[in-house]
**Q** 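Here it is, the structure in full.
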Amino acid sequence: MQRIDKKNVKYILYARKSTEASDKQVQSIDDQIRLMKARAKREGLQIAAVLSEAKSGGKPGTRPEFAKMIDMIENGEANGILSWKLDRISRNPLDSGYVHQMMNDGKIAWILTDGRDYCEDDDVIFDVESSMDARYRKDLMKNVRRGMFSKAEKGWKPGVPPTGYLNDRANRTIILDPVNGPLMRKVFEYWLTGTASLTDLTNYAIRLGIRTPQHRERGGNYLSLNGLRHILRNPFYTGKFKYGGRLYNGNHPALISDEEYDRVQQLLGGLHNTRPQKEELQFITKGMLRCAKCGYAVVVERVTKKYKIGTSKEYVYCHCSGKCKKFKCDQKSINVPEQEILRQISKELAKYTIDPKFYKLAIEALAEEEQQRVNERDSRLQELKKEQDKKRSELDGLRRMRYTGELLDQVWFMEESKRIQDRIDELEKNINTTETALKDWRKYADQAFMFARYAKEDFDSGDPERMRYVMKALGAELKLLDRTVIFTPVKYLIPIKKTVSEMNNNSETDPTHILQGSNDHSGSNSKLWWSI
């Protein structure tokens, strides 16, 4: 077959890069077009069209301009391709195979690149070099993925960290954002009050001026409602992170404790619909329960029953939504009156309720216990800091010996230095944990006793908003099985429940103490909750 002269071919100039970011690749699309146009001008080549796109060539069917180029060649509008490199045309076997077939069929006479030209007789060479490009891409992806997992193993999350954190590129670590970090802490604290909806939280974050991280041309926007929901569920803020389906312990600073994170998830529990309500709240239990069998939401609906005598009556029932596709949930057909659910919750709350006199004594006992814990904390901190100073001196001495030549074993020096540094880092974490533990303890203690003192009173008030708040504060999402509500209380409420049960037992065996309000008796009970 006689070769067609390059000058008699109509070329499509095709330029591509894998990302829209202008600084991602050395040769930008403009540079590719400029270089190939310069060649066409030097050699007198005809350019029928210029097509360009910022799309990855690794997957077939994702490049509209590439598809347009193929259609033009199929329709006879062009019979050649002008591109900077062969891998700009394709990096996947399917697209490369399509171009190879068109060369074999004579529809593509020439493919001209900056380093090599391929005529229709070179279709096999084109196929081999395209396969090499695809193999290079696969090997590159494996190496990158290996590096990412290695970074995760060392405690650093690959990629862009969430709002409130920044990549420290100089040290290849993740640091707290000096601006957004403290503001994100305020967002978590506001949510932990249990009084805000996700809409309220979104507006609060906007008022604080928090914006998403700026990454090249993306980001820099205010947090959205869905974005905040994702943030609240992200364990990154506890010092951990998920990568590749695994949970890693990170080296970055935590914004919230594990206990606070658990509380955040509990408050998120039943919020399957957080859009602003356009109408007045009709059902108290709406969005507050899930089916214990399938895990899907329990819906609430109003049913009107008409009687033969001409009268009618409205009932409010709760039942499983039945949206589970894996199996048919039998809970959908079991209708439970909403009032029955409210009655069970009120009965459960009685197990956490303490009288005003006990509440006063408990708060006084807490103050005494707090002072004792302050003393214990200060003693513990002194021990930890003393050991840390000792380890730092030990590490300095080791380095000095290496510097002066007293220590010649490089391998032993590196291993020993790492062992000492790991212990210093561990002590630093223990110091931070010890410093914040007392604050967290008192906060949860106050919450526990406030709940035990006022929760049932608020729930029995009949105010829908107050009742829903108590249901959220009671614990993880409530579940409904058959006609029974299953409760999973917050961890810090479990000792209160045991304390109330103990008090009731004491009142039966020794009623005179309760009636007389003995300080010794009530005081001992007030300490039961943290000693259990």
Side-chain angles (χ1 to χ4, degrees), residues 147-162 164-185 188 234-243 246-261 370-444:
M148 294 295 192
F149 275 101
S150 176
K151 185 177 181 179
E153 291 286 351
K154 294 175 182 176
W156 301 108
K157 184 180 184 299
V160 182
Y165 293 88
L166 296 173
N167 275 325
D168 182 357
R169 299 188 183 278
N171 299 310
R172 297 181 178 273
T173 61
I174 297 174
I175 60 174
L176 198 64
D177 186 335
V179 177
N180 281 337
L183 297 180
M184 286 304 301
R185 173 64 197 178
F188 278 102
N234 193 347
F236 191 91
Y237 294 92
T238 66
K240 303 178 181 66
F241 64 90
K242 287 183 178 179
Y243 186 76
R246 285 182 56 191
L247 185 66
Y248 293 88
N249 289 319
N251 294 322
H252 59 277
L255 265 181
I256 59 174
S257 65
D258 290 336
E259 291 77 10
E260 287 173 323
Y261 179 78
E370 183 176 26
Q371 184 57 50
Q372 181 180 342
R373 291 195 173 215
V374 166
N375 297 335
E376 292 173 356
R377 179 202 63 182
D378 291 345
S379 176
R380 176 61 176 158
L381 283 174
Q382 189 174 359
E383 292 176 5
L384 291 171
K385 290 178 179 179
K386 184 177 180 180
E387 184 183 355
Q388 191 180 50
D389 291 340
K390 182 180 178 181
K391 289 296 178 183
R392 284 172 176 163
S393 298
E394 189 177 336
L395 184 60
D396 288 341
L398 197 67
R399 289 169 175 166
R400 189 175 293 107
M401 290 174 65
R402 179 63 181 160
Y403 174 73
T404 57
E406 296 177 58
L407 182 59
L408 300 177
D409 191 336
Q410 174 69 11
V411 174
W412 185 87
F413 168 75
M414 295 300 294
E415 291 177 351
E416 187 67 9
S417 297
K418 184 179 184 304
R419 184 186 66 80
I420 297 173
Q421 185 60 55
D422 288 346
R423 179 54 181 164
I424 292 173
D425 294 340
E426 182 184 353
L427 289 167
E428 184 65 30
K429 286 186 177 180
N430 290 341
I431 288 170
N432 293 335
T433 301
T434 303
E435 287 178 337
T436 58
L438 183 61
K439 178 182 175 183
D440 292 340
W441 169 83
R442 182 58 197 253
K443 180 177 68 175
Y444 291 125

**Q** Is any side-chain N of the basic residue among R185 and E260 closer than 4.0 Å to the acidic one's carboxylate O?
**A** yes

**Q** Does K386 come within less than 4.0 Å of E383, counting only side-chain N to carboxylate O?
**A**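 No, K386 and E383 are not salt-bridged.
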
**Q** Checking N167 against I174 for the side-chain contact (heavy atoms from CB on, under 4.5 Å) test, could you report, in this order, the C-alpha distance in whole Å, the side-chain angles of both residues, the deciding distance, and whether it holds?
**A** CA-CA 5 Å; N167 275 325; I174 297 174; 3.5 Å; yes

**Q** Answer yes or no: is there a donor N or O on one side and an acceptor on the other, between the side chain of N180 and the main chain of Y165, under 3.5 Å?
**A**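 Here the side-chain-to-backbone pair does not exist.
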
**Q** Test your reading of the model: is there a side-chain donor-acceptor pair from D177 to the backbone of V179, 3.5 Å cut-off?
**A** yes

**Q** State which residues pass side chain to side chain contact (heavy atoms under 4.5 Å, CB included) with K385; sequence neighbours excluded, sorted by chain then number.
**A**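 Applying side chain to side chain contact (heavy atoms under 4.5 Å, CB included) to K385 gives I431, E435.
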
**Q** Is E415 salt-bridged to K418, going by a charged N under 4.0 Å from an acidic O?
**A** no

**Q** Of all residues at least two apart in sequence or in a different chain, which pass the side chain to side chain contact (heavy atoms under 4.5 Å, CB included) check with A152?
**A** P158, F241, Y243, Y248

**Q** Side-chain contact test, heavy atoms from C-beta onward, threshold under 4.5 Å: evaluate it for N251 versus K429 and give yes or no.
**A**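 N251 reaches K429 side chain to side chain.
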
**Q** Going by atom types only, do Q421 and D425 share a side-chain donor-acceptor pair under 3.5 Å?
**A**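 Side-chain D/A pair, Q421 to D425: present.
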
**Q** Measure the spacing between CD1 of I424 and NZ of K391 and express it to the nearest 0.5 Å.
**A** 8.5 Å

**Q** Is any side-chain heavy atom of L166 closer than 4.5 Å to one of P161?
**A** no

**Q** Has Q410 got more than 12 heavy atoms of other residues, nucleotides or ligands less than 6.0 Å from its CD?
**A**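 Yes, because the 6.0 Å sphere around CD of Q410 holds more than 12 heavy atoms from other groups.
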
**Q** Considering residues, nucleotides and ligands other than M401, do more than 12 of their heavy atoms fall under 6.0 Å from its CE?
**A** yes

**Q** Before giving the answer on salt bridge (Lys or Arg N to Asp or Glu O under 4.0 Å), spell out for D396 and R392 the whole-Å C-alpha distance, their side-chain angles and the decisive distance to 0.1 Å.
**A** CA-CA 6 Å; D396 288 341; R392 284 172 176 163; over 6 Å; no

**Q** Are R399 and F413 packed together at the side-chain level, in the sense that at least one heavy-atom pair is separated by less than 4.5 angstrom?
**A**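 Yes. Closest side-chain heavy atoms under 4.5 Å.
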
**Q** Measure the shortest side-chain to side-chain distance between W412 and L398 over non-hydrogen atoms and say whether it is less than 4.5 angstrom.
**A**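 Of all side-chain heavy-atom pairs linking L398 with W412, at least one is under 4.5 Å.
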
**Q** Is there side-chain contact between T173 and H252, with heavy atoms separated by less than 4.5 Å?
**A**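 Answer no - side chains too far apart.
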
**Q** Got a salt bridge between E426 and R423, using NZ or NE/NH1/NH2 to carboxylate O under 4.0 Å?
**A** yes

**Q** To the nearest 0.5 Å, what is the distance between CG on L255 and CE on M184?
**A**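 Atom-to-atom, L255:CG and M184:CE are 7.5 Å apart.
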
